[in-house]
Amino acid sequence: MNTFLRFLYEFLSQFFRGVKFIIEGIFKGFVTMFNFKEYLRVINDYKNDFTMPEWILVGIAVLITLAVLALIIFVVYFLIRKYIRIRKTLVEQESLLEEVATLNNEVAKLIKEKETILAMKVSKLGLKPEESDEEEVSEENGELINQDTDIRFPKLYEVDERYKAYKVANYNNSYELPELVDLFRNFAASKLKLYYTQDMIRLFISSLASTKLVILQGISGTGKTSLAYAWGKFLKHDSCIASVQPSWRDRTELFGYFNEFTKRFNETEVLKEMYEAGYTDDVYTVILDEMNISRVEYYFAEMLSILEMPNKDEWIVEIVPSAWKNDPVRLKEGKLKIPPNVWYIGTINNDDSTFMVTDKVYDRAMPIDINDKGQVFEPIDTPAQDINYSYLDKKFTEAIANNPIHEDNLKKIEEMDDYVISHFRIAFGNRIVAHMKKFVPVYVACGGDEVDGIDYFIARKILRKFEQLNVAYIRDEIDGFVDFLNKKFGDNKMHECIEYLLRLKKMS
């Protein structure tokens, strides 16, 4: 051990001596450049030998030297000033964020004070805020139900009552995925007057097969929310629309919170939708409208982590820390199992009023760009469909097993990964590759082309990361990358990727 310590001391000493010499060299260099006494000494040594023309040249040399020294001083001053300005801006931004957080906390306190005042008013009437004397009529059997003080989840209680005698329905589905694409497209057009291309529907259904979180993004007015809304109508289960607010800062916005004054849990419609889905084998949709008007990580971080777990039995979220006697049936010890038959579809408008969606969210979601209005066509009149989640999941699983990405294309993707790493310092990551191996096979099973599916996936999931780079520095590399794509996959086969790269180049 002593031998190693001596070795380590001498080894690191060599490195730190080098650092010391660099610092000393820079310091000595500045001292030497600004040593005006030495400049005067040199002039004095030669002044008696100069002729008149040489004195003119001496003056020019002195002026140039002074100009260079002044420029160095200006550059150093400019860099220091710029650093101070940037630092000041960052401090101001942090202060603003803290101020916003403080204001949000004040709003929450005011809401609680309002609830306290209301509770006091109720008490003056001779009632207790935690008790309810109202009688509700059960929708199933017409009997009167008295809600006692132990019921703290009234919305979930109502779901339990409604599904008390429910039996899971088997719709005996027999369609294939291409038929599903046509059914949904014709339904949206014939019943809702919403027109989408076949490829857009393929992309949407393939995204549902690859992840539970789908992001619809693009300019306003192109039908992002309408697509998710139409999907719910098509399945005979209206989508639960949660309009995200700028004040959303934690998971309570998604699930609700326990009110200490009323002794009730303020359930959200999202929680009710998730709870109801656990009873059935149907397909449910939650729309997070304008999801980036607040930071997605603030309110959806826990769900992102849960939905990424490969074992669906581990999809459990804690709603309350302890259980009460009359808690909802499917709430075990205060915990709810997230049902796998619910998809979460977020809509995004990228403008100055919204936050940037981070890699953590994008890596776990499938983004779809909707920037064009669909062309009107004459649809076949198609009714809404009853679809079992288990059957849809089975078709997705079969599609992934029967249409794996060809080895030749996987090899090209690996070569592309190496190229992107060496030229742009960006890597795909195993999560994205695994995601692609679900998305592309289902896209093919829906009637799409394998290379087209790979092209779209890479453009939206991987090349999007180029926006984090300094576009001016990678501008010269873009043409080479386009040539690489054309050579490996065929001329303009990767047209989505190429269009994105050329658009990025124009921005530089």
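Within the 3.5 Å criterion, the main-chain N or O of Y175 finds no donor-acceptor partner in the side chain of N173. With hydrogens and angles disregarded, no donor-acceptor distance shorter than 3.5 Å links the side chain of D289 to the backbone of T225. Proximity of a side-chain donor or acceptor of E450 to a complementary backbone N or O of H406 within less than 3.5 Å is detected. Although no hydrogens or angles enter the test, the distance criterion places no donor-acceptor pair under 3.5 Å between the side chain of D281 and the main chain of N388. Between the side chain of R295 and the backbone N or O of N292 there is no donor-acceptor pair closer than 3.5 Å. Distance alone, capped at 3.5 Å, places no donor-acceptor pair between the E290 side chain and the L288 backbone. The closest donor-acceptor contact from the side chain of D238 to the backbone of Y229 lies at 3.5 Å or more, if one exists at all. Looking at K437, its side chain never comes within 3.5 Å of a backbone N or O of I405 through a donor-acceptor pair.
Annotation: cation-pi geometry not satisfied between K233 and F187 (NZ/CZ under 6.0 angstrom from ring centroid, within 45° of ring axis). The cationic atom of R364 (NZ for Lys, CZ for Arg) does not lie both less than 6.0 Å from the six-membered ring centre of F300 and within 45° of the ring axis.
Ring pair F30/F34 is parallel by interplanar angle, where below 30° counts as parallel and above 60° as perpendicular. Classified by interplanar angle (parallel below 30°, tilted 30° to 60°, perpendicular above 60°), the ring pair W343/F396 is perpendicular.
The number of heavy-atom neighbours closer than 6.0 Å to CE of M356, taken from other residues, nucleotides and ligands shown, is 12 or below. More than 12 heavy atoms of other residues, nucleotides or ligands sit less than 6.0 Å from atom CG of L66. The environment of OH in Y389 is crowded: more than 12 heavy-atom neighbours from other residues, nucleotides or ligands sit within 6.0 Å. In N430, the CG atom is not crowded: 12 or fewer heavy atoms of neighbouring residues, nucleotides or ligands sit closer than 6.0 Å. The environment of CD in E407 is sparse: at most 12 heavy-atom neighbours from other residues, nucleotides or ligands sit within 6.0 Å. More than 12 heavy atoms of other shown residues, nucleotides or ligands fall within 6.0 angstrom of atom NZ in K335.
Side-chain contact between E496 and F457 is absent, with no heavy atoms from C-beta onward closer than 4.5 Å. Residues I368 and R460 have side chains not in contact (no heavy-atom distance under 4.5 Å, counting atoms from C-beta outward). Counting heavy atoms from C-beta on, the side chains of V361 and I215 come closer than 4.5 Å. With contacts defined as side-chain heavy-atom distances shorter than 4.5 Å, the pair Y344/L307 qualifies. Looking at I316 and I306, their side chains never come closer than 4.5 Å, going by heavy atoms from C-beta outward. No side-chain heavy atom of L213 sits under 4.5 Å from any side-chain heavy atom of M303. Within the 4.5 Å cutoff, side-chain heavy atoms of K505 are placed close to those of D479. When side chains are defined from C-beta on, L501 counts as touching F466, because their heavy atoms get closer than 4.5 Å.
A distance of 6.0 Å or more separates the ring centres of Y456 and Y443. A ring-centre distance under 6.0 Å is not found for Y298 and W248. Checked against the 6.0 Å centroid threshold, Y196 and F184 do not count as a close aromatic pair. Here F439 and H435 keep their ring centres 6.0 angstrom or further from each other.
Checking N186, T382, D381 one by one against K191, the side-chain hydrogen bond (donor to acceptor under 3.5 Å, both in side chains) holds for a single residue, D381. With D359 as the partner, the salt bridge (Lys or Arg N to Asp or Glu O under 4.0 Å) test is satisfied by one option alone out of R431, K461, R464: R464.
Between R251 and I319, the shortest heavy-atom contact is NH2-CA, 3.8 Å. Contact detail for S239 and I287: the closest heavy-atom pair is CB-CD1, 3.5 Å. Shown here for N349 and G218, the closest heavy-atom pair between the two residues is OD1-O, 3.2 Å. Among all heavy-atom pairs drawn from V181 and Q198, the shortest one is CG1-O, 4.0 Å. P367 approaches Q217 most closely through the heavy-atom pair CB-NE2, 3.8 Å. Residue K493 comes nearest to D455 through the heavy atom pair O-OD2, 3.8 Å, listed as atom of the first residue, atom of the second, then distance.
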For this session: Any chance you could lay out the side-chain contact (heavy atoms from CB on, under 4.5 Å) test for E269 and K272, step after step, and finish with the verdict?
Result: CA-CA 5 Å; E269 289 300 315; K272 181 182 176 183; 4.0 Å; yes
Problem set entry | Worked verdict on Q245 versus I293 for side-chain contact (heavy atoms from CB on, under 4.5 Å) | CA-CA 6 Å; Q245 302 298 318; I293 205 167; 5.6 Å; no
For this session: Give the C-alpha distance, both sets of side-chain angles, the deciding distance and a yes or no for side-chain contact (heavy atoms from CB on, under 4.5 Å) between L502 and E499.
Result: CA-CA 5 Å; L502 294 180; E499 286 178 11; 6.0 Å; no
Exercise. What do the steps show when you test F234 against L180 for side-chain contact (heavy atoms from CB on, under 4.5 Å), and what is the final call?
Worked result: CA-CA 11 Å; F234 175 64; L180 176 63; 3.7 Å; yes
For this session: For the pair T252 and D250, evaluate side chain to side chain donor-acceptor pair (under 3.5 Å) and give the outcome as yes or no after the intermediate values.
Result: CA-CA 6 Å; T252 60; D250 56 45; 2.3 Å; yes
Exercise. Run the salt bridge (charged side-chain N to carboxylate O under 4.0 Å, His left out) check on R202 and D199 step by step: do they pass?
Worked result: CA-CA 5 Å; R202 287 192 197 103; D199 197 53; 3.7 Å; yes
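By the salt bridge (Lys or Arg N to Asp or Glu O under 4.0 Å) test, D282 is found to be paired with no residue, residues two or more places apart in sequence or in another chain being considered.
A distance of 13.0 Å separates OG of S243 from CE of M291, quoted to the nearest 0.5 Å. Taking CD1 of I413 as the reference point, atom CG of D418 lies at 12.5 Å (rounded to 0.5 Å). Separating the CE atom in M494 from the CD1 atom in I458 is a distance of 4.0 Å, to the nearest 0.5 Å.
Taking 4.0 Å as the cut-off between side-chain N and carboxylate O, K395 and E398 count as a salt-bridged pair. Salt-bridge annotation for E297 and K360: absent, with no side-chain N of the basic residue lying under 4.0 Å from a carboxylate O of the acidic one. Between R185 and D182 no salt bridge is recorded (no basic side-chain N to carboxylate O distance below 4.0 Å).
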